[in-house]
Amino acid sequence: MTTRSARSLPPLGWIFLAVLYVATVYVTIVTRVQWGPDTAFHLAWIFRLLGDTEPEAVRRTVEFLADKDGIECATSSLPWCHAENYRMYFAGDYAATVGPRVMTRLLAAPFVAVFGPWSMVALSVVAYAAGVACLAVLATRMFGARWGLLAGTLAITPWLAANWAVHANTEALAMAFTTAALLALPLRRRTTWRDVVWFVVLLGLGLFTRQFAISVTAGTALAWLLVAVRDRRLKNAWAPFALAGVLASGVIVWAQGQMTASYAGSFSTLATYETNTGTHGLAEVAASVPATAGRILAGDWNHVRTDLVLTTVLLTVLVSLVWRFRSELSALVVGMVATTLALNLIVNDDSIFRYHTPNYPTYLLAALALVADLAAGRRPALATESPSAGPPPPAPSRVPPAAWVALAAAYLLLALVIRDVNVRKASVGSGPALPEPTVATWPDSLTPILGYGAAIALVAWLGSRLWGRWGLVGAALMFVPTVMVPLARPEFLEPYAALAVAAGLCALPWHGRAPRGGAWGFAAGVLLATAMDPFAGVVVAGAVAVWATRVDRDGPRNAWAPYPLAALVAVAVALGTRLAAGRDIVGTAAGDPAVTVGWIPVGSDFMLVAIVALVAVVGVRAWRDEPAVPFAAGAVAAALVLSATVDEVVGLRPLTALMPVLALAGAAAVARPLVRRRAAAEQVPRPEPQPTGSA
């Protein structure tokens with residue numbers, strides 16, 4: 001548990017999250033749709049609130065959405081796309097669903113009146129950003145600044161969840177209220193009656209934004225029950241929140257029924273389920289529930305596994321719920337998931353993670369809690385979110401064995417799950433703009449998967465020697481969707497080039513002590529990598545950049561001087577061999593030296609954007625202390641120059657060979673500068689001392 005002065009990220013962390021969010025929002029708006037069927041109903045109600053008659057409100061709505069991607073009312077045969085059917089907007093089941101969601105139209109109406117309907121998208125963008133900020137604050141308070149940064153990053157980078165940040169709907173606003181309500185709960189903190197009041201207020205705002213917010217009430221009640229059974233105390237820290245949440249939810253649901261009674265009649269959950277499933281009577285309804293739930297889960301899973309970041313998080317959540325079974329956070333997640341699924345049954349259709357997006361920050365906290373336990377050497381089976389009686393135990397300087405096992409298991413499980421995933425057919429807008437249609441196929445992809453896994457292991461080993469337990473961040477950063485693409489076909493050599501680069505990095509004098517024969521070891525790695533992927537030769541520029549940063553301190557003949565020279569020789573030999581064999585080196589451009597990196601595919605990989613932003617924003621403070629940062633900057637700069645002078649590089653495959661370099665730089669940014677000034681406030685040791693031996 002952190003102290004009051006360490007409950008938020010340092011300014012550098014906020015700047016990083018802001019840069020990452022702006023970049024991903026821009027790419028999402030460019031590549032995906034912002035409008036959906038529910039948008040029409042919300043917009044019509046907003047126009048009605050602004051004074052239009054019902055027919056006029058619907059006419060303006062249909063005209064605005066006539067050419068919008070995702071709806072295209074001008075060519076659609078759907079009844080609500082025709083203005084003459086305006087009555088269905090304000091009466092019946094649709095009205096009973098949309099009517100109580102007053103917060104969206106109350107907040108959006110002033111901006112729609114001044115700036116037009118496009119401001120509905122702006123409301124979602126701002127609301128999702130507020131939710132990310134609340135999550136970062138909560139994760140920092142619970143686990144520390146580094147984990148707060150990771151929480152914010154993982155809230156932004158899953159494209160399937162972040163898609164709703166630019167969608168003119170209720171998900172982003174509901175996520176903001178749900179995450180803000182979590183701040184009031186007794187999660188590793190002691191609470192007062194003021195926290196209960198704030199929880200009820202935020203819960204009410206969430207219920208008037210989207211009725212699925214009742215899942216927060218269910219999760220809180222289940223957390224109280226878990227603590228009551230575990231600690232044999234009915235009156236515990238969760239009791240006031242559970243009682244107040246249940247009472248407030250009951251009153252609000254009753255009030256919403258009274259609100260809609262005048263224009264929508266009685267809204268029967270059972271009747272709606274019967275209509276959507278074709279069942280009749282309680283017996284048939286009860287018998288159909290398992291099959292309906294299975295169909296919804298299978299449909300959602302087929303969408304979720306096209307988002308590799310989200311897949312990784314959710315698989316970690318499943319492990320966390322089982323392993324941290326005594327945790328209040330686990331009970332909170334189980335209650336929220338079960339309630340959301342129960343409400344989803346009424347719709348009888350998969351949600352493309354839409355219904356779960358407001359709850360995603362809670363799921364993410366459960367995943368981070370498990371990883372934080374493993375990194376700190378705590379036993380997840382004994383985990384609890386109750387505030388500790390004293391200061392936290394000192395963090396271990398080395399990587400706990402369980403963390404190594406978890407890292408290996410996560411990679412193998414992810415490789416198994418993503419087999420045969422067609423990212424081109426991913427739902428919600430255009431989906432992730434990855435360059436290849438299939439991520440991995442079995443059993444042909446097994447060898448490249450193991451090869452890239454070996455590269456991850458080398459980065460993990462090197463990072464742990466440089467920064468102790470935080471060195472595993474480098475290995476985790478290599479779990480990036482784009483670099484998984486070359487694992488699809490065995491003829492791709494990029495995974496093996498990444499392994500050769502990682503092996504070469506282990507021979508570098510990262511902290512001044514050069515291993516014996518290190519220059520030749522680095523050259524050997526560069527030679528093998530360049531022979532398989534000429535693009536990998538840009539790592540030479542990284543060694544040059546590090547050497548240049550040390551000229552003013554250690555002179556031209558510093559410890560890094562032999563490495564660029566040896567690597568240049570290796571690159572020349574590799575490229576000369578390719579030429580002698582009659583193979584193209586990189587394919588020269590014919591009079592058109594345009595930048596050839598596909599910026600939309602690059603930007604659509606939000607985790608890759610996050611790594612670059614992390615190095616550029618946070619890592620800059622470690623420029624002088626951590627050679628990995630200027631090394632990455634030099635290699636990336638050379639890659640950009642190369643891409644500007646050759647024919648188009650196929651997709652993003654060449655980035656695979658650079659991932660060990662970017663991952664190490666990202667680990668350096670997390671290990672050194674982020675919390676250097678806050679270590680004392682967080683009551684944890686300063687970053688681990690550097691080893692005296694060679695890397």
Side-chain angles (χ1 to χ4, degrees), residues 459 462-463 466-467 474 477 497-498 500-515 518-527 529-530 533-572 574-575 595 597 608 611-645 654-673 690 694-695:
V459 171
L462 177 58
L466 294 174
W467 306 293
L477 291 179
V501 169
L505 295 178
C506 294
L508 291 172
W510 290 107
H511 289 139
R513 294 287 300 276
W520 299 113
F522 178 61
V526 173
L527 175 65
T530 308
D533 176 13
F535 200 83
V538 298
V539 299
V540 176
V544 173
V546 179
W547 167 79
T549 61
R550 275 151 176 71
V551 169
D552 61 334
R553 289 188 295 182
D554 304 325
R557 300 182 64 181
N558 57 61
W560 284 80
Y563 290 83
L565 295 176
L568 281 172
V569 173
V571 171
L575 296 182
V595 175
V597 172
L608 185 61
I611 294 173
V612 174
L614 178 66
V615 176
V617 176
V618 182
V620 68
R621 283 184 58 185
W623 184 275
R624 301 281 289 179
D625 300 327
E626 292 294 345
V629 177
F631 194 102
V636 170
L640 292 177
V641 171
L642 179 62
S643 69
T645 56
L655 291 176
T656 307
L658 290 182
M659 281 312 301
V661 175
L662 290 172
L664 279 178
V670 171
R672 291 292 290 243
Q690 308 308 326
S694 64

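Scope of the values below: all heavy atoms of this structure, side chains included, with no hydrogens, waters or symmetry mates. Just so we're clear, the structure is a prediction, and the values are computed from it rather than from any experiment.
No donor-acceptor pair under 3.5 Å is formed between the side chain of Asp554 and the backbone N or O of Val551. In this structure, Trp547 contributes its side chain and Pro556 its backbone to a donor-acceptor pair below 3.5 Å.
Nearest heavy-atom pair, Val459 versus Ala663, reported as atom, atom and distance to 0.1 Å: CG1-CB, 4.4 Å. The nearest pair of heavy atoms linking Ile611 to Met659 is CD1-CE, 3.8 Å. Of all heavy-atom pairs spanning Ala567 and Ala523, the tightest one is N-CB, 4.2 Å. Residues Val615 and Gly666 approach most closely at CG2-N, 3.8 Å, considering heavy atoms. For the residue pair Asp533 and Ala497, the shortest heavy atom distance occurs at CB-CB, 3.9 Å. Pairing each heavy atom of Ala668 with each of Trp467, the nearest pair is CB-CZ2, 3.6 Å.
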Q) Are Val544 and Leu568 close enough, and set up right, to give a side-chain contact (heavy atoms from CB on, under 4.5 Å), and what steps lead you there? A) CA-CA 10 Å; Val544 173; Leu568 281 172; 5.6 Å; no
Q) Given Leu658 and Val501, is the side-chain contact (heavy atoms from CB on, under 4.5 Å) satisfied, shown in steps? A) CA-CA 8 Å; Leu658 290 182; Val501 169; over 6 Å; no
Q.
Run the side-chain contact (heavy atoms from CB on, under 4.5 Å) test on Thr549 and Trp560 for me, step by step, so that the C-alpha distance in whole Å, both residues' side-chain angles and the decisive distance to 0.1 Å come before the verdict.
A. CA-CA 10 Å; Thr549 61; Trp560 284 80; over 6 Å; no
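Annotation: side chain of Phe522 is not in contact with side chain of Pro562 (no heavy-atom distance under 4.5 Å). A heavy-atom distance below 4.5 Å is found between the side chains of Leu462 and Leu505. Side-chain atoms of Val540 and Val526, non-hydrogen and from C-beta on, do get closer than 4.5 Å to each other. With a 4.5 Å cut-off on side-chain heavy atoms, Leu508 and Phe631 count as touching. Side-chain contact check for Val629 versus Val620: every heavy-atom pair is 4.5 Å or farther apart.
Around CZ of Arg557, the count of heavy atoms belonging to other residues, nucleotides or ligands within 6.0 Å does not exceed 12.
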